[in-house]
Amino acid sequence: MFRKKGHTYLGRDYDKNLEIFKKELGFGDNFDLIITEIRVAGKKAALICFDGMIKDDTLTMVMQTMQTLPEATPFENLSQRILEVGIPYIELSSEKNVDELLYAVLSGSIILIVDGIKEAYIIDARTYPARNPEEPDIERVVRGSRDGFTETIVFNTALIRRRVRDPKLRVELLRVGKRSKSDVALIYIKDIANRELVNYVHEQINNIEIDGIPMAEKSVEELIVPGSIWNPFPKVRYTERPDVAAAHLFEGHICIIVDTSPSVIIAPATYFHHVQHAEEYRQSPAVGVYIRWLRFLAIMSSIFITPLWLLLAQSPELLPASLDFIGPKETGNVPLFVQFIIAEIALDLMRMAAIHTPSPLATSLGVIAALLIGDIAIDIGLLIPEVILYTAIVAVGTYCTPSYEMAMANRLLRLFILAGVGFLQLPGFIATTVLGILMLAFTKSFGVPYLWPLIPFKYQALKSIIVRSPVPVQHLRPEVLHPQDVTPQPGPAFKRKGRKN
C-alpha cells in the first residue's frame, strides 16, 4: 500500500491489501459483506463482494476457472493470465486506486485481490433487485408501447438505446454524492444537442457537493437548474416513457437518468412541453388535434374557472342579462370566497389521502368524499352546490394535465388568482392574472424562454403546438434549443410525392 497525490493505492502485500478492505468495508460489522479466500496459481487470493448484489452463478464460475491456472505461473505473467484465462467474463477490468475499488464493490461488483499483484480485478457481475419495465401510471396511452423506465439505470439506458440506434448517441456516466456516490447518466445525441448546454449541465452535475441524493432526480434537478427554486413552474420535464425521452433527444434536448429513479429529466423544457401527451401522437392527426384542444381547454379551466365564477358571482353587474343564471341563488352561511378556499383545501386533502390509502380501501374513501363530506356540507350550508360543481371541474382539468408538476404549479396560480378576486374583485383578478403571466414570461429553462414560441412569438413553432402536425412534418428541431443539426436529411418518409410502390 502507498499514497500518491492524496490517493491510496494497492501494493504487492496481500495481507495489507486485504486488511484495507476489511477495515474500510466494516468486516465483522456488516453481515452481508462476503470475503472468500481462495488460491490462484498457488498464491493467496480473496473475492470481496456484498450479498444480494451479485450473480451467484458468475461468482461460482469465476472460482472454478481460476483453479485451473498452473501454480508455476511467474508473477510477471500471472496478471495477464488472470485477465486472459482465469476470469472468462466480459465485464472485467483492473484498478489500483483503493477509492475506486471501494466504489466498485459498494456498487455491487466483485473484487479479486491476489498476493504479489499490486492491482485488483473488478468483475462487474452485479444484479440489483428490480422490477420489470411496466407502463407508467401517469403517462398511459390507449395504443403504444407498454414499457416504462424502472429504478435501474442500466435498464433505462437500454430502453433508450433500443429506440435511438444512432452511433452519435452519448451516455456519460457521472457520480454524485460524497457518500452515496450515486450514478447519474447524461444522455444526448452528439451532433444534434447544443454543446454549450451539454457542457453546462455536465459541469453543474460535477460541481454538486452533497453527501447524497436520496430523492434521486428531484435532488439533482434542484441542484443544477438555474434560477429561483421557489418558482413553482417546473423548468424540466419528467417522463417515465422511453418513447417520449427518445423523441426529445431527436429534437436536441438532453436527458438525465438518476439511478434508483424511474423518472427521467428532460431539459430544457417550456410551458408547452408540459401540456403535450403521447396519446395525441398515437391517434390520427385530426383526432390528435381534438384531444390537444380539449386538453388545453381543461388546463385553462383548471386555472381560471373558479376565480372567474367567483368574480361574476361577487360582481353580478359584470354579467349581461342573458347570463344572470351563472350567479348563485343562495350563497349559504359562509362567504363564497371562504367556501372556495375550504373546497380547495378539501380537494388537496382528499388527493393526499388517496395517495396514502391502501387500494382495497380506495372505494371507501370515494364514498366518504361524496356522501359524508359533500352532501352534508351542502345540507348544513357550509358549501353551495355551485362551489362543489366548479371545484369538481377544476379537479378534472388538473387530472387532464399530463405533467403532475405543472398541475401543482397551476393549482398555486389558481389559488393566487382566487385570493386576488376574493379581496379586490375585478382589479384583483386583473392584477394577479397579469402577475402570473409576467412570471411565466420571465421564467427561463436553461436559457430557453418558458413561453416560447408565444413569447418571443414564432408563428411556425406556435402552429406546431396548437395543431398536432402529421408525422412527415415533424422533422424540424426547435430553433430555441440551438441544435447543431437543424433538420435531418429527408428520407423516404418525407418523399411521399412521386414515390413508387
Check whether more than 12 heavy atoms from other residues, nucleotides or ligands sit under 6.0 Å from atom [atom1] of [X], and answer yes or no.
X: R143; atom1: CZ; answer: no
X: F337; atom1: CZ; answer: yes
X: Y459; atom1: OH; answer: no
X: R351; atom1: CZ; answer: yes

From [X] [atom1] over to [Y] [atom2], what is the distance, rounded to the nearest 0.5 angstrom?
X: D166; Y: D191; atom1: CG; atom2: CG; result: 6.0 Å
X: I342; Y: Q339; atom1: CD1; atom2: CD; result: 7.0 Å
X: I257; Y: T152; atom1: CD1; atom2: OG1; result: 11.5 Å
X: I229; Y: K235; atom1: CD1; atom2: NZ; result: 9.0 Å
X: L451; Y: L438; atom1: CG; atom2: CG; result: 10.0 Å
X: N207; Y: H202; atom1: CG; atom2: NE2; result: 10.5 Å

Which atom of [X] lies closest to which atom of [Y], heavy atoms considered:
X: A409; Y: F233; result: CB-CD2, 3.7 Å
X: G436; Y: L413; result: CA-CD1, 3.9 Å
X: D348; Y: R411; result: OD1-NH1, 2.7 Å
X: E251; Y: H273; result: OE1-NE2, 4.2 Å
X: I266; Y: A245; result: CD1-CA, 4.3 Å
X: Y450; Y: P234; result: OH-O, 2.5 Å

Tell me whether [X] contacts the main-chain N or O of [Y] through its side chain, where contact means a donor paired with an acceptor under 3.5 Å.
X: R146; Y: V141; answer: yes
X: E91; Y: A125; answer: no
X: W293; Y: V467; answer: no
X: R295; Y: C400; answer: yes
X: S261; Y: S263; answer: yes
X: R170; Y: L186; answer: no
X: D259; Y: I153; answer: yes
X: N156; Y: E151; answer: no
X: S315; Y: L312; answer: no
X: Q276; Y: I465; answer: no

Considering only heavy atoms from C-beta outward, does the side chain of [X] approach that of [Y] to under 4.5 Å?
X: I455; Y: P449; result: no
X: F429; Y: L424; result: no
X: Y271; Y: L454; result: no
X: S445; Y: T270; result: no
X: L349; Y: M352; result: yes
X: S403; Y: R237; result: no
X: I160; Y: V171; result: no
X: F155; Y: P262; result: no

Should I192 and K168 be marked as a side-chain contact (heavy atoms from CB on, under 4.5 Å) after you check the CA-CA gap, both sets of side-chain angles, and the distance that decides it? CA-CA 9 Å; I192 296 179; K168 298 296 184 180; over 6 Å; no
I'd like to know if [X] pairs up with [Y] as an ion pair, taking the criterion as any Lys NZ or Arg NE/NH1/NH2 lying under 4.0 Å from an Asp or Glu carboxylate oxygen.
X: D243; Y: R241; answer: yes
X: E100; Y: R175; answer: yes
X: E279; Y: R282; answer: no

Pick out which of V387, I417, L336 makes a side chain to side chain contact (heavy atoms under 4.5 Å, CB included) with L310. L336
Got a sec, which residues hit side chain to side chain contact (heavy atoms under 4.5 Å, CB included) with Y200, two or more places apart in sequence or on another chain? Q204, P226, F446
Can you list everything that forms a side chain to side chain contact (heavy atoms under 4.5 Å, CB included) with T306? Sequence neighbours excluded, please. F340, E344, Y390, V394, R414, L418
For the side-chain hydrogen bond (donor to acceptor under 3.5 Å, both in side chains) test, which of E221, H274, E139, E405 pairs with Y238? E221
Between S182 and S180, is any side-chain donor less than 3.5 angstrom from a side-chain acceptor? yes
Is the closest side-chain donor-acceptor distance between N410 and T401 under 3.5 Å? no
When you look at E479 and K458, which way does the side-chain contact (heavy atoms from CB on, under 4.5 Å) test go after all the steps? CA-CA 10 Å; E479 62 181 48; K458 298 291 182 179; 3.3 Å; yes
So, using salt bridge (Lys or Arg N to Asp or Glu O under 4.0 Å) as the criterion, who are the partners of E172 when residues are at least two apart? none
Derivation and outcome, side-chain contact (heavy atoms from CB on, under 4.5 Å), residues K444 and W452: CA-CA 10 Å; K444 290 187 176 182; W452 185 91; over 6 Å; no
